[in-house]
Amino acid sequence: MSAQVAIVCDQCGDLGNVGSTPHDARTVLNGWSRRHGMDLCPLCRMIAESRTRLTHTGTAGATR
């Protein structure tokens, strides 16, 4: 029996894919990303990017 690796979203727990190595499991994941060592599904990635934009926009507006 060989070991299997599961790629799971670190935010919501969505199962992305299973493979024999992390690299193999990630190769078929469209829209997924790794940010700060965390695997993010497409929805959680978009939320994180939106939060980052809002934080930068809010900070820039407060300094004016």
Side-chain angles (χ1 to χ4, degrees):
M1 179 184 259
S2 63
Q4 294 289 301
V5 175
I7 302 300
V8 178
C9 178
D10 288 312
Q11 290 290 316
C12 70
D14 183 33
L15 176 62
N17 194 27
V18 178
S20 58
T21 66
H23 177 74
D24 290 341
R26 284 188 182 99
T27 57
V28 296
L29 294 176
N30 294 325
W32 283 61
S33 69
R34 287 199 41 93
R35 294 182 62 139
H36 309 292
M38 296 175 58
D39 288 304
L40 297 176
C41 69
L43 178 60
C44 290
R45 177 184 52 84
M46 288 186 338
I47 292 170
E49 289 171 355
S50 294
R51 284 184 181 154
T52 301
R53 272 189 241 115
L54 286 173
T55 301
H56 291 300
T57 302
T59 304
T63 59
R64 290 181 185 180

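Note: hydrogens, waters and symmetry copies are ignored here, and every other heavy atom, side chains too, is used.
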Honestly curious: do V5 and L29 fall in one hydrophobic cluster under the side-chain, below-4.5 Å linking rule?
-> yes
State plainly whether one hydrophobic cluster holds both M46 and W32, where clusters connect Ile, Leu, Val, Met, Phe, Trp and Tyr through side-chain heavy atoms under 4.5 angstrom apart.
-> no
[atom2] on [Y] to [atom1] on [X], rounded to 0.5 Å:
X: D14; Y: C12; atom1: CG; atom2: SG; answer: 5.0 Å
X: S33; Y: M38; atom1: OG; atom2: CE; answer: 10.0 Å
X: C41; Y: D10; atom1: SG; atom2: CG; answer: 10.0 Å
X: T21; Y: Q4; atom1: OG1; atom2: CD; answer: 9.5 Å
X: L40; Y: I47; atom1: CG; atom2: CD1; answer: 9.5 Å

Kindly give the heavy-atom pair with the smallest separation between I7 and A25, and that separation in Å.
-> CG1-CB, 3.4 Å
G31 and R45 have their tightest heavy-atom pair at O-NE, 2.8 Å
Would you call D39 and R26 a side-chain contact if the rule is heavy atoms closer than 4.5 Å?
-> yes
